[in-house]
Amino acid sequence: MAQITKSYEPHDVEKKWYAAWQQAGCFAGHPKAGKEPYSIVIPPPNVTGVLTMGHVLNNTLQDILIRRARLEGQEAMWLPGTDHAGIATQTVVERELRKEKKTRHHLGREKFLEKVWSWRDEKGGMILKQLQALGASADWDRTQFTMDPHYSKAVLTVFADLFAKGHIYRGKRMVNWCPVSLTALSDEEVIMKPTKGVLYQVRYEMVNQPGRFIEVKTTRPETIPGDVAIAVHPDDPRYTALIGQQVWRPLNRAQIPIIADTAVDKEFGSGALKITPAHDKVDYEVGQRHKLLPIDVLEPDGKMNELAGAELAGLDRFAGRKKAAELLKESGALVKEEPYENNVGYSERADVPIEPRLTWQWWLKYPRIEEAKTAVRDGHIKFYPERWSKVYLHWLENIQDWCISRQLWWGHRIPVWYQKGLDKEKLSEADLRDPAKVHVSLTGPSDPENWTQEDDVLDTWASSWLWPFATLGWPDQAAMDQAGFDYFYPTATLVTGPDIIFFWVARMIMAGLEFIRPGESLERRIPFKNVYFTGIIRDQQGRKMSKSLGNSPDPLDLIEKYGADGLRFGIVSIAPQGQDIRFQEDRIESGKGFCNKLWNASRFRQMSGEMADNSSLHAILARLEPAKFDADDHGILDRLLATTREVDRCFTEFEFSAAAQAIYGFFWNDFCDWYVEVSKAKVQDASAKANSLALQDLVLRETLLQLHPFVPFITEELWHLLGYGAEGSFLMRDASVEGTSQLVDAFAPLGVKVDLKASAANRVLQLSASKYRADKAAAGMAGVRLATVYYEVNPAYASYFTEQTAPNYARIFETNHFQAGTIPDAINSVTGVATFYMQRPAGDTAAEKARLTKELEILAKHIAGTEARLSNEAFVSKAPPAVLEGARKQLADQRAKKVEIERLLGALG
RNA sequence: GGACCUUUAGCUCAGUUGGUUAGAGCGUUUCGUUGACAUCGAAAAGGUCACUGGUUCGAGUCCAGUAAGGUCCA
């Protein structure tokens, strides 16, 4: 067996095992009769993406779930892939073109798309490689891309199907228009930001009463040429007489009517509102109600057009605003300007204010809204943390039709063809449904020369909402069979960020319900059973980590510095359920430190004695000698079972950081700092050695199993170095983790049973050691190794701290020798287990007295507190017996201790 | 405007159904180490649990309100 080196060097180990796992096909998931499936689909990162800390957290958690499922004997399958990311990817390639002073229009659609594809082949999907460096055990042979031919087929099939069902329509409506990307956006892609601007108060002169004005307030004077009316509230007494009259529009002067509409807020400004249907959603609706034709004064790129009037035409919208204000000022129409802050919608990608713009787009009426609510409300799909279900349900309550068309080239081109010669801007709903005029299919019309295909592509999310089943071969039965669709769908758990609850999670649920296993139960159609929402990783100042701020460390640098396992353990241990995470590099460092601890404890085991049969749990248990178990043995077994139980619980409740911390605490404190320290004496004792080492082997084995999902590389390496796994087998694939009850069941036939009393005594001994060392340090002898420590054991612990066992604790008590009995004029430490006497360095007893006196004071306070409680009639009569009993015992202990300390003080004189 | 989250040690955070003297990691200070690990060990200092009121024998924990910070939706 190979010698374990002095410190853990992750890099070679990581490379070695990742390659070996991959070569052995450990990541693959295949349907297996009699085995429970456990599947996860990755939230597909953008194909343009590079690994961020958010990805590290998200994918580490998925890998933990997948690896744990494997160890629990389930058939695990983690499906990876990337998203074509319409706008993002197109923007990247357009940016490269711009360097050559070209736009996509220079190339034309076909050539441009070729260029995007070659960009993708060359540079896209780098992020998947990075995930491998992190240790992700995804089934890479299944890697998917949302523009793969079969995936595209799924997307177009869904379009055609929803069109046929009447869920999809074409309409000229207000959309969120991005003047930079020149495309429509869905509501979800618009970010509202408080923006400082100016509120202009403008007066419109009455046509038939010159000199009389009606005033409105607006933040957008450049749209005044697009005004078609002034609206007031019908019940507003200030204006009732004016309704129906005409006013002069102050820019691009023309007569417009005063109309009455209940949408007007009487309280805002003067109570009168300018109506600009082409540039505001509410105004558009008002215009519709009053049959007013919109006047669009903007070009798609945000420049003013000739309808805005000669002075404004050609200006950018922001320059136009300035110019409009000047013109109003000159004409005397501008009454007042005041600073103003309001919420302005920004394009998520281009980060510029969007324009509400009237365009023809394709819209989707969501299917299965009610079922989607039921699925979550009734717990068929569980959200962790649960509170996000409220956000989800609220969105579904207020859901709006989805604008699914984008004026881009990169994406799934909408499978609609228009009969040549038709004006598609004038299609009625009836025309749309007339196959002679509009053709909708996957393959296109049989006489393509007579048709023109729709230019628009679909929103990227209109492909990713099919992810949980399009990646499993849907809609082709043969492909589904091959992918194991029937076995793996629905997937077990989705791990994602709450920021895409609407974009993705909700839509996937609706898509699954609509398209999968029609007519079957809800449970069979939902895409996943659990959704775990991660927190968002923030920097020290609490800001989101982002590329533009440059405040995100490169995960690959962190892997280089701390190892993939160190990074994984560090990030998981600081990620409590559902809370945002403030990133601290020192936590990653401590993740690495823990790996090193694990490594060295294993190394020490190897150095402590010959390795024996570790080939199975049973083999190790058979080496134990239960008859020889002492309090330490019972203690560590008890703690091992408690930790296993806690980790089991954490996995069922998705509390990953609690699981990591439970194992960390157990291994470092209970095992290394106590059990291994104590065993240093035992392995010198021929009769105790074998049992002690077997117990270490057991603890190490179980720890590696529990820890593997978190730190896969080092655990696999140690698994082999310590002889737990045979050559050619793998911890990650061939081992299985035992739950608490399974461990107990395995213990029983071999007579291994935890003595809880002994375990409790062991805990007291540990606390006593702490107390003793604290007293010793207080006496100025911290760390000093004493030749002899005398002790008088507390009768209650007489069987746990004896002449025979005392030497085991010599190292922990920093002494060479224990001697039963007392010595006069010594420092006394009263612990639970015993009173320990240490030779005083020299004469002075003042410090000692002061310490004991202080201790007595604190004790007196506690005694008073406990007495007060116990003499409280209400407490005694109402508290449950166990609590009452506890308080009584506590008082007895406190009093006994007081007597002892008083005795010691008396002895000091 | 509506909903949700957070507020506990210098920092980052735990704290299960209310029940002894509120914990951890990091940081700080002190001490220790010749054979697992200085990526180590031991100890100490450090908290009016944001505030106000209520329920209760008992509140960090439950309820109501207030304040500050944050997120989402309008």
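Below, each value reflects all heavy atoms present in this structure, side chains not excepted, and no hydrogens, waters or symmetry copies. Proteins get letters first, then strands, A, B, ... in listed order; numbering begins at 1 in each.
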Is the closest basic N to carboxylate O distance between A:Lys897 and A:Asp893 below 4.0 Å? no
Any strand, both distances under 3.5 Å, Watson-Crick or G-U wobble: B:U17 pairs with none
When you measure from the side-chain N and O atoms of A:Arg587 to the phosphate of B:G25, is any distance below 4.0 Å, counting only OP1 and OP2? no
Closest to side chain of A:Ala782, choosing from B:C31, B:G35, B:U21: B:C31
Nearest to side-chain heavy atoms of A:Arg582, which nucleotide of B:G19, B:G35, B:C13: B:C13
Heavy atoms only, 4.0 Å cut-off, all strands: where does A:His394 land among base, sugar-phosphate and nothing? sugar-phosphate
Decide if the gap between the ring center of A:Trp388 and the ring center of A:Phe383 is smaller than 6.0 angstrom. no
For B:U71, give the paired nucleotide (Watson-Crick: N1-N3 plus N6-O4 or O6-N4; G-U: N1-O2 and O6-N3; both under 3.5 Å), or none. B:A3
Which of B:C26, B:G41, B:U21 is nearest the side chain of A:Asp586? It is B:C26
Could you check whether atom NZ of A:Lys898 has more than 12 heavy atoms from other residues, nucleotides or ligands sitting under 6.0 Å from it? no
Is there a donor in the side chain of A:Tyr675 and an acceptor in the side chain of A:Asn762, or the other way round, less than 3.5 Å apart? no
Report the residue (A:Gly886 or A:Glu646) whose heavy-atom-nearest nucleotide on RNA chain B is the more 5′ of the two. A:Glu646
Give the rounded distance in Å between these two atoms: CD1 of A:Ile571 and C1' of B:U12. 13 Å
Give none if B:C40 has no partner; otherwise give the nucleotide forming a Watson-Crick or G-U wobble pair with it, both distances under 3.5 Å. B:G32
Spacing of the P atoms in B:G23 and B:C31 (rounded, Å): 27 Å
Has A:Lys597 got a side-chain N or O lying under 4.0 Å from the OP1 or OP2 atom of B:G41? yes
Sugar-phosphate only, base, or nothing, as touched by A:Cys672 at under 4.0 Å among non-hydrogen atoms: base
Looking across every strand, which nucleic acid part, if any, lies under 4.0 Å from A:Ala601 by heavy atom: base, sugar-phosphate, or nothing? base
Is it the case that A:Glu702 and A:Thr644 place a side-chain donor and acceptor less than 3.5 Å from each other? no
Whichever of A:Tyr664 and A:Phe604 has the more 5' nearest nucleotide on RNA chain B, that residue is A:Tyr664
Which residues share a ring pair (Phe, Tyr, Trp, His ring centres under 6.0 Å) with A:Tyr664, sequence neighbours left out: A:Phe594, A:Trp668
Measuring from A:Gln606:CD to A:Leu722:CG, what's the distance to the nearest 0.5 Å? 6.5 Å
Which nucleotide wins on minimum distance to the side chain of A:Gln894, given the candidates B:C37, B:A44, B:U21? B:U21
Closest to side chain of A:Asn596, choosing from B:C37, B:U16, B:A43: B:C37
With rounding to the closest Å, how many angstrom separate the C1' atoms on B:G53 and B:A59? 13 Å
Base paired to B:A50 (Watson-Crick or G-U; both N/O distances under 3.5 angstrom): B:U66
Using whole Å, what does the distance between atom P of nucleotide B:A42 and atom CD of A:Gln766 come to? 11 Å
Is A:Lys680 side chain donor-acceptor paired with the B:A36 base, going by distance under 3.5 Å alone? yes
Rounding to a whole Å, what distance do you find between A:Met781:CE and B:G41:P? 23 Å
Under 3.5 Å, is there a donor-acceptor pair linking the side chains of A:Arg173 and A:Tyr284? no
For the pair made of CD1 in A:Ile399 and P in B:C72, what is the distance, rounded to whole Å? 19 Å
Salt-bridged, A:Lys373 to A:Glu397, with N to O below 4.0 Å? yes
Base, sugar-phosphate, or nothing for A:Glu677, non-hydrogen atoms under 4.0 angstrom? base
Protein within reach of the bases, or only the backbone? For nucleotides 3-8 of chain B, mark each nucleotide 5' to 3' as B, S or -, using heavy atoms under 4.0 Å. SSSS--
Between B:U21 and B:G47, how far apart are the two C1' atoms, rounded to whole Å? 14 Å
Please determine if A:Arg639 forms a cation-pi arrangement with A:Phe666, meaning its NZ or CZ atom is less than 6.0 Å from the six-membered ring centre and no more than 45° off the ring axis. no
Sugar-phosphate or base contact per nucleotide [nucleotides 54-61 of chain B; S, B, -; heavy atom under 4.0 Å]: ---B----
Measure OH/A:Tyr809 against P/B:G41 and give the value in whole Å, please. 20 Å
Are the side chains of A:Leu891 and A:Ile863 in touch, meaning some heavy atoms are under 4.5 Å apart? yes
Looking at A:Trp668, does any N or O in its side chain come under 4.0 Å of the phosphate oxygens OP1/OP2 on B:G41? yes
Assigned partner base of B:G25, Watson-Crick or wobble definition, under 3.5 Å: B:C11
Could you tell me whether A:Asn343 contacts a base, only the sugar-phosphate backbone, or nothing, with contacts defined as non-hydrogen atoms closer than 4.0 Å? base
Atom CG of A:Asp673 and atom C1' of B:U39: how far apart are they, to the nearest Å? 14 Å
Using the C1' atom as the point on both nucleotides, what is the distance between B:U8 and B:A68, in whole Å? 16 Å
For the side chain of A:Gln584, counting heavy atoms from C-beta on, which of B:C11, B:C26, B:U20 is nearest? B:C11
Side chains of A:Gln766 and A:Arg763: do they bring a donor and an acceptor to under 3.5 Å? yes
Can you tell me, in whole Å, how much space there is between the C1' of B:G60 and that of B:A9? 14 Å
In whole angstrom, give me the gap between the C1' atoms of B:G27 and B:C13. 14 Å
Spacing of A:Lys561 atom NZ relative to B:U39 atom P, expressed in whole Å: 15 Å
How far, in whole Å, is B:G58 from B:G1 if one measures between their P atoms? 39 Å
Say you pick atom C1' in B:G18 and the same atom in B:U56; how far apart are they, in whole Å? 9 Å
Determine the contact category for A:Lys776: base if any of its heavy atoms lies under 4.0 Å from a base atom, sugar-phosphate if only primed atoms, P, OP1 or OP2 are that close, otherwise nothing. nothing
Among B:C73, B:A36, B:G70, which nucleotide sits nearest the side chain of A:Phe502? B:C73
According to a strict under-4.0 Å criterion, is A:Ser770 in side-chain N/O contact with OP1 or OP2 of B:A43? yes
Is a salt bridge present between A:Arg649 and A:Glu646, judged by a nitrogen-to-oxygen distance below 4.0 Å? yes
Rounded to whole angstrom units, what separation is found between the CD atom of A:Glu653 and the P atom of B:G15? 12 Å
Determine whether the side chains of A:Thr643 and A:Gln706 contain a donor N or O and an acceptor N or O closer than 3.5 Å. no
